[in-house]
Amino acid sequence: MSETVITRFAPSPTGYLHIGGARTALFNWLYARAKGGRMLLRIEDTDQARSTEGAILAILDGLRWLELDWDGEPVYQLARAERHRAVAEQLLAQGNAYRCYASPEELAAMREQARADGRAPGYDGTWRDREASDAPAGTHPAIRFKAPREGETVIEDQVQGRVVVANKDIDDLVILRSDGSPTYNLSVVVDDHDMGITHVIRGDDHLTNAARQAQIYRALGWDTPIFAHVPLIHGPDGAKLSKRHGALGVEAYRAMGYLPAALRNYLVRLGWSHGDDEIMSMDDVVRWFDLDAIGRSAARFDFAKLENLNGHYLRGTADAELVRSLQALVPELPDGAELGRRIDAEGWRQLERAMPGLKERAKTLVELLDNAAFLFAKRPLELDEQAAKLLDPAARQTLAELLPGLEAVEPWSPEALEACVRDFAEATGRKLGKVAQPLRAALTGRSASPGIFDVLDVLGREESLARIRDQALSIESA
RNA sequence: GCUCCCUUCGUCUAAUGGUUAGGACGUCAGGUUUUCAACCUGAAAACAGGGGUUCAAUUCCCCUAGGGGGUACCA
């Protein structure tokens with residue numbers, strides 16, 4: 001009997017959706033899709049001190065941007081606290097848990113002592129067998145899980161393989177705080193069980209939790225889900241890619257001009273592989289994805305490769321769609337407001353017309369937009385250093401000589417323009433580059449741009465000639 | 001400290017008990033070209049170290065080193 005696969009992505013809303021979380025979500029999504037199952041979303045907001053509404057929104061937004069959809073409504077863990085509490089009480093009634101009256105000070109002292117003795121700094125089980133009558137008056141106890149002390153707990157992990165933890169190394173964890181709120185390890189078990197989760201795919205920072213959780217499953221008489229602990233993603237320097245060490249939320253990648261398709265492709269190859277395949281559609285990946293092809297070692301995040309992939313996807317995206325992406329991106333840019341004002345409807349149309357030449361030359365949407373700056377520039381153009389160097393007296397002379405021919409070009413099409421410029425170069429014994437580069441500098445203010453005949457075409461006759469005159473004329477006045 | 005996991009070119013990775021250890025990104029050198037990209041060709045570049053097991057280990061086992069995770073009344 002084959003059971004429907006149900007995975008879940010369970011972020012805690014204490015920050016944005018970071019890149020590791022995004023990959024975890026992607027893997028869960030892929031596995032569910034690959035097996036014809038479902039992926040559920042659970043917001044683990046039980047840490048009320050750190051969870052924020054804004055973070056929840058940022059995470060949902062990040063998932064939507066990555067086009068990772070989930071099935072059904074998100075489950076909010078906090079809303080299920082009553083159920084978690086009931087399970088804790090059940091564990092207590094069954095004798096699988098006990099009340100612990102130790103104060104925070106006592107616990108701290110206990111940890112310190114254990115450390116000094118070279119032992120694992122876990123709870124020592126003081127209240128495991130003490131009578132309730134010993135309880136100090138007026139204190140609210142926490143409830144601790146009575147973890148087995150003998151033997152070992154085995155996790156048959158789909159990625160990590162067989163992981164064995166000695167039970168003596170697992171202490172009695174608190175499942176219900178003294179204020180009556182459930183803790184993570186209890187909530188996860190109850191929720192995963194109640195939601196019918198069949199496969200838990202998450203970062204391997206949860207690997208040791210899995211052993212604790214397995215013990216709780218057992219005490220409750222529930223089947224454990226299948227675990228798959230995916231290695232973490234490290235920064236370019238090999239250090240942990242944590243929120244504190246410059247890890248970025250997916251919205252930062254969006255703002256840097258990356259395409260969701262490129263990020264997904266990059267992320268899926270971080271830890272998972274299918275032979276020598278690098279560029280894969282999500283349809284391909286869904287067809288091929290499985291847990292056994294996930295590697296066991298951590299990967300470093302490499303922007304260079306992401307950029308390369310992004311360039312690939314950029315080139316493969318339709319012009320009109322790129323314009324829409326750009327329109328959505330502009331407000332998120334640092335100078336977005338100013339830029340948004342400068343580009344009018346006509347500007348967007350021009351941008352789309354210039355897109356074939358632009359998308360060939362950019363690795364990100366941000367770079368693309370920067371390369372398109374000449375479209376929105378106002379005369380007289382500001383020349384960058386190299387363009388200024390290019391427009392030496394000889395070049396300005398060339399432009400002056402070229403001008404009459406260009407003025408007569410009819411129609412103003414790339415083909416006709418190219419014929420005109422080539423004829424001019426040939427007739428005057430110049431190499432094409434000697435004409436094209438000054439033109440480029442005059443028209444775009446830079447030394448690099450899309451094909452120069454396309455630039456002339458997109459800019460139009462009037463604006464092109466005016467920009468050329470701006471530069472050619474200066475020699476006559478000089 | 002205790003405990004768990006990991007280790008193939010700079011990076012992401014493939015493969016195999018016997019291979020010239022493959023691909024991709026990046027780098028370098030050419031080609032193409034109106035610039036820059038793209039594209040094409042080529043090059044340099046890896047089995048962490050030490051022990052075993054075996055006719056034979058990059059591959060299996062052990063140790064060491066290095067890296068990472070966990071070690072909360074956080075998730």
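Below, chain A is the first sequence line, B the second, and so on; all start at residue 1. Here the structure is a predicted model, which is why all the values come from computation and not from measurement.
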Plane angle bin for A/Phe27 and A/Phe289 - parallel if under 30°, tilted between 30 and 60°, otherwise perpendicular
tilted
Enter the distance from A/Tyr184:OH to A/His206:NE2 here, rounded to the nearest 0.5 Å.
4.0 Å
Hey, which of A/Arg99, A/Arg144, A/Arg128 is the one that makes salt bridge (charged side-chain N to carboxylate O under 4.0 Å, His left out) with A/Asp172?
A/Arg128
With nearest nucleotides of RNA chain B determined for A/Arg300 and A/Gln77 from heavy-atom distances, which residue corresponds to the more 5′ nucleotide?
A/Arg300
Would you compute the distance between atom OG of A/Ser178 and atom OH of A/Tyr101 and round it to the nearest 0.5 angstrom?
11.0 Å
Does B/rA57 have a Watson-Crick or wobble mate here (both distances under 3.5 Å), and if so which one?
none
Which base, if any, makes a Watson-Crick or G-U wobble pair with B/rA37, both distances under 3.5 Å?
none
Nearest-nucleotide 5' precedence on RNA chain B, A/Leu207 against A/Gly451
A/Leu207
Within the structure shown, what part of the strands sits under 4.0 Å from A/Arg315 by heavy-atom distance: base, sugar-phosphate, or nothing?
sugar-phosphate
Quick one: label A/Ser273 by what it contacts on the DNA or RNA (base, sugar-phosphate, nothing), any heavy atom closer than 4.0 Å.
sugar-phosphate
Give me the one residue out of A/Asn371, A/Thr317, A/Asp319 that meets side-chain hydrogen bond (donor to acceptor under 3.5 Å, both in side chains) with A/Lys359.
A/Asp319
Find the distance A/Asp172:CG to B/rU71:P and express it as a whole number of Å.
16 Å
Looking at every strand, decide which applies to A/Ala102 at a 4.0 Å heavy-atom threshold: base, sugar-phosphate, or nothing.
base
Pull out every residue in residues 419-429 of chain A that has a heavy atom closer than 4.0 Å to any atom of RNA chain B, ordered by number, or say none.
A/Arg422
Sugar-phosphate, base or nothing in reach of A/Ile452, heavy atoms under 4.0 Å:
base
With both distances under 3.5 Å as the test, what is the Watson-Crick or G-U wobble partner of B/rU27?
B/rA43
A correct 5'-to-3' footprint of nucleotides 22-27 of chain B, with B, S and - meaning base, sugar-phosphate only and no protein heavy atom under 4.0 Å, is BBBSS-
By the 4.0 Å heavy-atom rule, please label A/Tyr266 as base, sugar-phosphate, or nothing.
nothing
Donor-acceptor pair under 3.5 Å: do we get one between A/Arg361's side chain and the base of B/rC36?
yes
Expected output is a numbered-order residue list: members of residues 183-194 of chain A with a heavy atom under 4.0 Å from any atom of RNA chain B. What is it?
A/Thr183, A/Tyr184
Who pairs with B/rA65 - Watson-Crick or G-U, where each distance is under 3.5 Å:
B/rU7
Using a 4.0 Å heavy-atom cut-off across all strands, classify A/Thr46 as base, sugar-phosphate, or nothing.
sugar-phosphate
Given that both distances must come in under 3.5 Å, which nucleotide forms a Watson-Crick or G-U wobble pair with B/rU16?
none
Categorize A/Arg440 for me: base, sugar-phosphate, or nothing, with a 4.0 angstrom heavy-atom threshold over every strand shown.
base
Calculate the interatomic distance between A/Asn167 atom CG and B/rC4 atom P; express it in whole Å.
12 Å
Counting the atoms with a prime plus P, OP1 and OP2 as sugar-phosphate, which does A/His229 contact under 4.0 Å by heavy atoms, base, sugar-phosphate, or nothing?
nothing
Report yes or no: does A/Asp157 contribute a side-chain atom to a donor-acceptor pair with the main-chain N or O of A/Val163 at less than 3.5 Å?
no
For the base of B/rC4, is there a side-chain donor-acceptor partner from A/Thr208 under 3.5 Å away?
no
What distance separates A/Leu456 CG from A/Trp412 CH2, expressed to the nearest 0.5 Å?
5.5 Å
Aromatic plane relationship, A/Tyr258 with A/Phe303 - under 30° parallel, 30 to 60° tilted, over 60° perpendicular:
tilted
Indicate, yes or no, whether a donor-acceptor pair under 3.5 Å links the base of B/rU34 to the side chain of A/Arg430.
no
